[in-house]
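Chain A is the first sequence line, chain B the second, and so forth, proteins listed ahead of strands; every chain is numbered from 1. These numbers come from the heavy atoms of this one structure, side chains and all, not from hydrogens, waters or symmetry mates. Note that this is a predicted model, so its numbers are computed, not measured.
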There are 2 protein chains.
Amino acid sequence: MKYRELAKILKMEIERGEYRATGKLPTEPELMERFGVTRYCVRNAIALLVNLGDVCPVQGSGMFVREDDRDGCLNINNTRGLTSEFPGHAVSSKVIKLEQREAGGDAGRLKCDPGDDVYSISRLRLLDGEPFAIEYALYLKEFVPYLNEEIADGSIYSYIRRDLKLVTGFADKLMYARKLDRGQADLLGLSAGDPALVVEDHAYLSNGRLFNVGTVYYHYEKATFFNFADLK
Amino acid sequence: MKYRELAKILKMEIERGEYRATGKLPTEPELMERFGVTRYCVRNAIALLVNLGDVCPVQGSGMFVREDDRDGCLNINNTRGLTSEFPGHAVSSKVIKLEQREAGGDAGRLKCDPGDDVYSISRLRLLDGEPFAIEYALYLKEFVPYLNEEIADGSIYSYIRRDLKLVTGFADKLMYARKLDRGQADLLGLSAGDPALVVEDHAYLSNGRLFNVGTVYYHYEKATFFNFADLK
DNA sequence: TAGTGGTCTAGACCACAGC
DNA sequence: CTGTGGTCTAGACCACTAG
């Protein structure tokens with residue numbers, strides 16, 4: 001997987017500001033030469049950065065590094081959990097509820113049988129100690145065989161990837177705005193009826209199996225999502 | 001541009017339900033054979049569909065067609081205007097304000113000089129005659145030399161692409177939730193303080209020049225955005 | 001006109017799913 | 001084991017930007 005490694009290296013270098021002078025990445029031939037790979041790898045690596053919005057391509061001119069002020073924005077495609085989105089900040093969780101039960105009425109959403117075991121978790125997510133979002137999540141026990149409060153206190157995403165060695169494949173999201181109810185508002189330090197940015201998440205393993213659905217209510221004054229789209 | 005054409009064909013076929021029996025696209029060798037192209041084209045075409053969330057790849061198994069109920073959802077990456085998002089529905093606009101002026105305080109956002117000419121447009125966007133969103137948009141006159149009410153009544157996007165022949169390159173979006181003020185609420189048939197899903201748009205030409213910024217307040221009960229992300 | 005990224009070909013081997 | 005998609009190589013030509 002040379003091109004993913006190359007993308008990581010380039011992203012690091014961008015973040016270190018190594019291309020701030022020119023505002024551009026090195027040209028493709030230069031990168032091929034420097035890393036001893038073919039154009040395929042170079043272009044695939046850059047494509048990843050383009051998708052993340054870190055770089056924008058202009059034919060005939062170069063790959064321009066985008067240093068816009070997106071600090072504090074959540075990248076809608078960067079599905080590695082809140083923790084990785086705010087490197088300089090303290091991301092923590094307060095578990096509101098954690099139970100193992102049968103899927104029941106959630107079987108439809110989870111594409112499983114009503115009798116299948118699931119973990120149901122509600123967490124208040126905190127950013128630098130301040131309430132940031134409320135998360136309601138379901139995990140299929142078939143794929144996530146164990147969860148406890150200690151794990152849920154931290155990054156469930158890291159646990160799934162690093163400890164359970166599950167290989168995530170893709171995710172789709174629905175985003176909309178809603179009113180907070182009284183209980184939600186209290187948790188977020190807002191008032192009932194205040195807006196929330198709601199994100200519904202469906203996460204699949206690389207084998208195409210759905211293993212997790214979640215609904216997250218974000219504090220409307222604190223959460224902003226960012227997306228970059230190629231229009232061609 | 002074989003692969004873009006191929007993607008269009010496959011998308012059409014998917015929408016016509018031609019792969020509903022198997023739930024999968026034909027394999028890469030089959031598509032290469034059928035269209036007389038190399039794997040490069042086939043894979044690039046499919047990659048476009050994957051990015052749109054129409055198809056999901058499972059290594060060793062196939063390219064599965066996703067027929068989830070995303071009807072009525074706005075694809076966050078499908079930046080071809082509201083009209084194209086709701087093929088079966090009537091999308092119309094009511095122009096609230098249309099003026100040509102100097103950029104002034106908007107120069108920062110537009111990355112232009114304060115003296116540069118811009119069109120400033122506010123529109124109420126209607127879906128099947130019902131208020132759906134309020135749009136505040138700025139266009140740089142350098143790139144969009146003419147706009148009038150008649151054009152703004154319809155799809156400005158089509159006008160820009162089809163009539164002005166501008167080649168759009170990429171766009172980034174910020175998404176968040178806010179409270180509606182009184183004027184906005186009246187336009188949308190809601191109450192002041194009700195939520196809105198807000199999308200800030202920055203649209204660039206293929207040469208990397210910013211030509212349009214906009215902020216759209218969507219009716220919180222009617223607008224849902226959809227996004228598909230590859231996690232690998 | 002020179003240099004950039006965009007498209008395309010023709011091949012090879014690897015990783016994974018399912019029989 | 002077979003067939004699927006994923007990665008990679010080594011080349012070619014095209015489209016666009018900028019001097």
Side-chain angles (χ1 to χ4, degrees), chain A residues 1-8 10 19 22-51 54-66 143 165-170 204-211 230-232, chain B residues 1-8 10 19 22-51 54-66 143 165-170 204-209 230-232:
Chain A
M1 286 214 211
K2 277 190 215 168
Y3 76 90
R4 294 183 195 281
E5 291 161 24
L6 179 48
K8 269 183 211 167
L10 291 175
Y19 303 118
T22 60
K24 294 200 265 188
L25 292 187
T27 66
E28 292 177 351
E30 281 166 359
L31 291 171
M32 290 164 67
E33 165 74 17
R34 174 175 159 204
F35 292 99
V37 296
T38 58
R39 239 186 125 189
Y40 172 91
C41 293
V42 168
R43 287 182 61 75
N44 273 254
I46 293 176
L48 291 179
L49 301 182
V50 170
N51 270 327
D54 291 322
V55 133
C56 70
V58 179
Q59 186 174 4
S61 186
M63 311 292 312
F64 290 82
V65 175
R66 295 163 55 82
F143 303 114
K165 307 248 183 269
L166 290 185
V167 183
T168 54
F170 43 89
Y204 295 79
L205 300 173
S206 65
N207 62 9
R209 296 290 305 271
L210 181 64
F211 77 101
D230 203 333
L231 301 185
K232 282 200 296 276
Chain B
M1 286 215 212
K2 276 189 212 167
Y3 77 90
R4 295 182 194 281
E5 290 161 24
L6 180 48
K8 268 184 210 165
L10 291 175
Y19 303 118
T22 60
K24 293 199 266 190
L25 290 187
T27 66
E28 293 176 351
E30 282 166 359
L31 292 170
M32 289 163 67
E33 166 72 18
R34 176 176 158 203
F35 293 99
V37 296
T38 57
R39 242 188 121 190
Y40 173 90
C41 293
V42 169
R43 287 181 62 74
N44 273 255
I46 293 176
L48 292 179
L49 301 181
V50 170
N51 269 327
D54 292 322
V55 132
C56 70
V58 179
Q59 186 173 6
S61 188
M63 311 293 310
F64 290 82
V65 176
R66 295 163 55 81
F143 303 114
K165 306 242 182 275
L166 290 185
V167 182
T168 52
F170 44 88
Y204 295 79
L205 300 173
S206 66
N207 62 9
R209 296 290 305 270
D230 203 332
L231 301 185
K232 280 200 295 277

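- Along DNA chain D, the nucleotide nearest to G62(B) and the one nearest to K2(A) differ in position, and the one closer to the 5' end is contacted by G62(B).
- When the nucleotides dT9(D), dG6(D), dG5(C) are ranked by their closest atom to the side chain of E28(B), dG6(D) comes out on top.
- Residue P57(A) has its side chain nearest to dG6(C) when only dG6(C), dT9(D), dT4(D) are considered.
- Of the listed nucleotides (dA10(D), dC13(D), dA10(C)), dA10(D) has the atom at the smallest distance from the side chain of T38(A).
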Is there a side chain to side chain contact (heavy atoms under 4.5 Å, CB included) between L205(B) and V167(B)? Walk through the geometry before answering. CA-CA 6 Å; L205(B) 300 173; V167(B) 182; over 6 Å; no

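- Smallest separation of non-hydrogen atoms from I46(B) and L31(B): CD1-CD1, 4.0 Å.
- Paired regions of DNA chain D, where each region holds three or more successive Watson-Crick or G-U pairs whose two hydrogen-bonding distances fall under 3.5 Å, are C:1-18 with D:1-18.
- Note on S61(A): every side-chain N or O is 4.0 Å or more away from OP1 and OP2 of dT17(D).
- Proximity note for Y3(A) (side chain, C-beta onward) versus dG6(C), dT7(D), dG5(D): the nearest is dT7(D).
- Here K24(B) does not reach the OP1 or OP2 of dG5(D): none of its side-chain N or O atoms lies under 4.0 Å away.
- The side chain of T27(A) has dG5(C) as its nearest neighbour among dG5(C), dG6(D), dT9(C).
- Distances from the side chain of R4(A) to the nucleotides dC8(C), dT9(D), dT7(D) place dT7(D) closest.
- Toward the 5′ end of DNA chain C lies the nearest nucleotide of L25(A), the other residue of the pair L25(A) and G36(B) mapping further downstream.
- For the pair S206(B) and Q59(B), both in contact range of DNA chain D, the more 5′-proximal nearest nucleotide belongs to Q59(B).
- Using a 4.0 Å cut-off, some side-chain N or O of R43(B) falls inside it from OP1 or OP2 of dG6(D).
- With hydrogens and angles ignored, the 3.5 Å screen pairs no side-chain donor or acceptor of E5(B) with any backbone N or O of K2(B).
- Among the atoms of the strands shown, only primed sugar atoms or phosphate atoms (P, OP1, OP2) are found under 4.0 Å from some heavy atom of N207(B).
- Heavy-atom minimum distance, Y19(B) versus K24(B): CB-O, 3.5 Å.
- In this structure, L49(B) and A7(B) approach most closely via the heavy-atom pair CD2-O, 3.8 Å.
- Residue F170(A) comes nearest to P57(B) through the heavy atom pair CE2-O, 4.0 Å, listed as atom of the first residue, atom of the second, then distance.
- Residues V42(B) and F35(B) fail the side-chain proximity criterion, which asks for heavy atoms closer than 4.5 Å.
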